[in-house]
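Each remark here refers to the structure printed beneath this line.
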Amino acid sequence: MRVTSLAGTSAGSAMAASLLQGNHKDVVEYFRSVTLRNPANFHARKLLIGSRPFPHEKMFRRAIATYIDWRNFVRSKIKIVVNALQVPEDIYSSTWKRARLVMRIMSAYRREMKTVSTGRYRPYLIEESTASKLQEVTFRNADFSSVERVEDIILASSSVPPMVRFQKFDGSYFLDGGITRNLAIDLLEDVDVAVGIHYDIWSRLQYERGQGFKRSEIEVSAKEGRRPRRVFLCPDKWLPIETWDYANPKGVTLAYEEGLRAGERLLPILKRMT
C-alpha cells in the first residue's frame with residue numbers, strides 16, 4: 001500500500017505537508033509543547049501595547065518554518081496539492097471591503113452551522129464566496145519553491161481572520177480554502193483509493209452538498225465504475241479540542257491518539273481494497 005498523493009486545506013494543509021516530510025510526530029509534539037506555554041487564545045494585554053492579541057498565526061508560522069523543508073516538496077515522488085481562495089482585487093485593495101468580507105463570511109458560517117445543527121444543510125458559505133467572487137487556487141509541489149513560499153501557501157490555505165490574517169503574496173490576498181472545500185479529496189491526482197479524513201459532520205455535508213450518506217466512523221464509498229474509490233474517516237466521538245484552541249496541550253495529545261486509533265482501524269480496510 002503506497003501513498004502517491006496528498007491533498008489538504010486549512011490546518012489539513014500543514015498536516016499533509018508534515019506527512020510528506022515524515023515528521024508529523026514532531027509537529028504534534030511541537031504544538032503540545034507550545035500550547036503548554038500558551039495560557040490563552042486571546043491576550044487582551046497585548047492590545048494595550050499595540051500587538052496582535054491572537055497567538056495562532058505566530059505559533060503556526062513558527063511550526064512551518066521549523067519542521068517543513070521546502071526541498072522535500074521538490075524531491076518527493078508524492079504529489080501534494082493545497083487549496084486557498086484568492087480575493088478579488090477590488091476587495092483586497094480596500095481595508096474596509098476586506099473587513100466587510102470577513103463579516104459576511106462569518107455570518108454565512110453561523111447560518112450554515114445553525115442549519116447543520118437541525119440536520120439540514122444549505123451551502124451559505126459557498127453562496128457567499130460565489131457572490132464575493134472568491135476564486136479557488138491550487139498549489140502543487142513546484143509552487144513550494146522556498147521557505148517563504150511554503151509559509152505563504154500553508155498560511156494562505158489557513159487564513160481565518162482575525163486568528164490568522166489575510167495572507168498576501170504575489171500581489172494578492174488569500175483566505176482559507178476550507179470555506180468552500182474543507183474536504184479536499186477531489187484534488188488528489190492519479191489515485192485508485194482516496195481517503196477523506198474529517199473531524200466533524202459539516203465537512204462531509206459540504207462535500208456531499210447536503211446529499212445523504214452513512215454517518216459512521218469509517219465508510220467505504222465504492223460505487224461501481226467510480227474512480228477513485230472513496231473511504232471516509234471521521235472520529236466516532238467529539239474530539240477533546242476545538243479547532244482554534246491553541247491553549248490545550250492535553251487536547252492536542254488526546255486528539256492525536258484518537259487519530260492513531262482510527263487509523264489502525266482503517267488499515268485492514270485499505271489493505272483489502274488495494
Side-chain angles (χ1 to χ4, degrees), residues 7-16 18-19 24-25 27-36 38-42 54-56 59-60 63 105-125 157-158 160 163-164 176-185 194-221 230-270:
T9 189
S10 196
S13 65
M15 291 312 300
S18 67
L19 287 170
H24 57 281
K25 292 182 181 179
V27 174
V28 173
E29 175 56 28
Y30 163 80
F31 270 104
R32 190 201 67 80
S33 65
V34 295
T35 54
L36 189 65
N38 179 47
N41 290 299
F42 182 83
F54 296 98
H56 306 77
M59 294 165 69
F60 202 174
I105 293 292
M106 291 176 64
S107 175
Y109 176 77
R110 287 194 295 267
R111 285 181 288 155
E112 196 160 307
M113 292 303 103
K114 185 175 181 179
T115 61
V116 168
S117 68
T118 65
R120 297 178 292 111
Y121 174 77
R122 178 172 170 178
Y124 287 109
L125 280 167
S157 183
S158 312
V160 180
M163 281 78 72
V164 177
D176 193 319
I179 292 171
T180 58
R181 192 196 294 269
N182 204 42
L183 193 56
I185 60 174
V195 180
I197 301 171
H198 59 103
Y199 62 86
D200 62 18
I201 198 66
W202 168 73
S203 297
R204 185 70 186 280
L205 283 167
Q206 184 197 53
Y207 176 78
E208 303 285 358
R209 296 297 190 265
Q211 300 302 310
F213 59 91
K214 293 184 293 184
R215 182 170 181 170
S216 57
E217 181 196 27
I218 300 174
E219 180 198 343
V220 178
S221 177
R230 290 163 170 81
V231 181
F232 297 94
L233 178 64
C234 180
D236 57 1
K237 58 185 177 182
W238 290 106
L239 292 178
I241 189 170
E242 297 293 331
T243 304
W244 291 104
D245 189 353
Y246 279 24
N248 184 355
K250 183 177 180 180
V252 171
T253 301
L254 291 176
Y256 177 63
E257 291 173 349
E258 178 59 30
L260 287 178
R261 287 190 289 270
E264 289 169 356
R265 292 190 288 270
L266 175 64
L267 277 176
I269 296 174
L270 292 180

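We number each residue from 1, following the sequence as shown. Note that the structure is predicted; figures quoted are calculated from it, not measured.
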Between Tyr124 and Tyr109, ring centroids under 6.0 Å: no

For the student: nearest non-hydrogen atoms of Ala247 and Asn41, plus distance: N-OD1, 3.6 Å

Enclosure of Met106 CE (heavy-atom neighbours >12, cutoff 6.0 Å): no

Ion pair Arg261/Glu264, N-O distance below 4.0 Å: no

Results of ring pair (Phe, Tyr, Trp, His ring centres under 6.0 Å) for Tyr121 - residues two or more places apart only: none

Salt bridge flag under 4.0 Å for residues Glu208 and Arg204: yes

Exercise: identify the closest heavy-atom pair between Ala14 and Phe60: CB-CE2, 3.6 Å

Closest non-hydrogen atom pair, Ile185 against Ala194: CB-CB, 4.5 Å

Under 3.5 Å: donor-acceptor pair, side chain of Ser157, backbone of Ser10: yes

Separation of Ser158 OG from Trp244 CH2 (nearest 0.5 Å): 6.0 Å

Heavy-atom donor-acceptor pair, Glu219 side chain to Val231 backbone, under 3.5 Å: no

Other residues, nucleotides, ligands: >12 heavy atoms within 6.0 Å of Glu217 CD: yes

Donor-acceptor pair between Thr243 and Tyr199 side chains, under 3.5 angstrom: yes

Aromatic contact, Tyr246 with Phe31 (centres under 6.0 Å): yes

Audit row: Glu257, Lys250, salt bridge (Lys or Arg N to Asp or Glu O under 4.0 Å) steps and yes/no: CA-CA 11 Å; Glu257 291 173 349; Lys250 183 177 180 180; over 6 Å; no

Lys/Arg-Asp/Glu bridge criterion (N-O < 4.0 Å) met for Arg122, Glu112: no

Considering all heavy atoms, the nearest Asn248-Thr35 contact: N-CB, 3.9 Å

Nearest heavy-atom neighbours spanning Thr9 and Arg181: CG2-O, 3.2 Å

Residues Ser203 and Asp200: side-chain donor-acceptor under 3.5 angstrom: yes

Distance-minimising heavy-atom pair for Tyr30 and Met59: OH-O, 3.0 Å

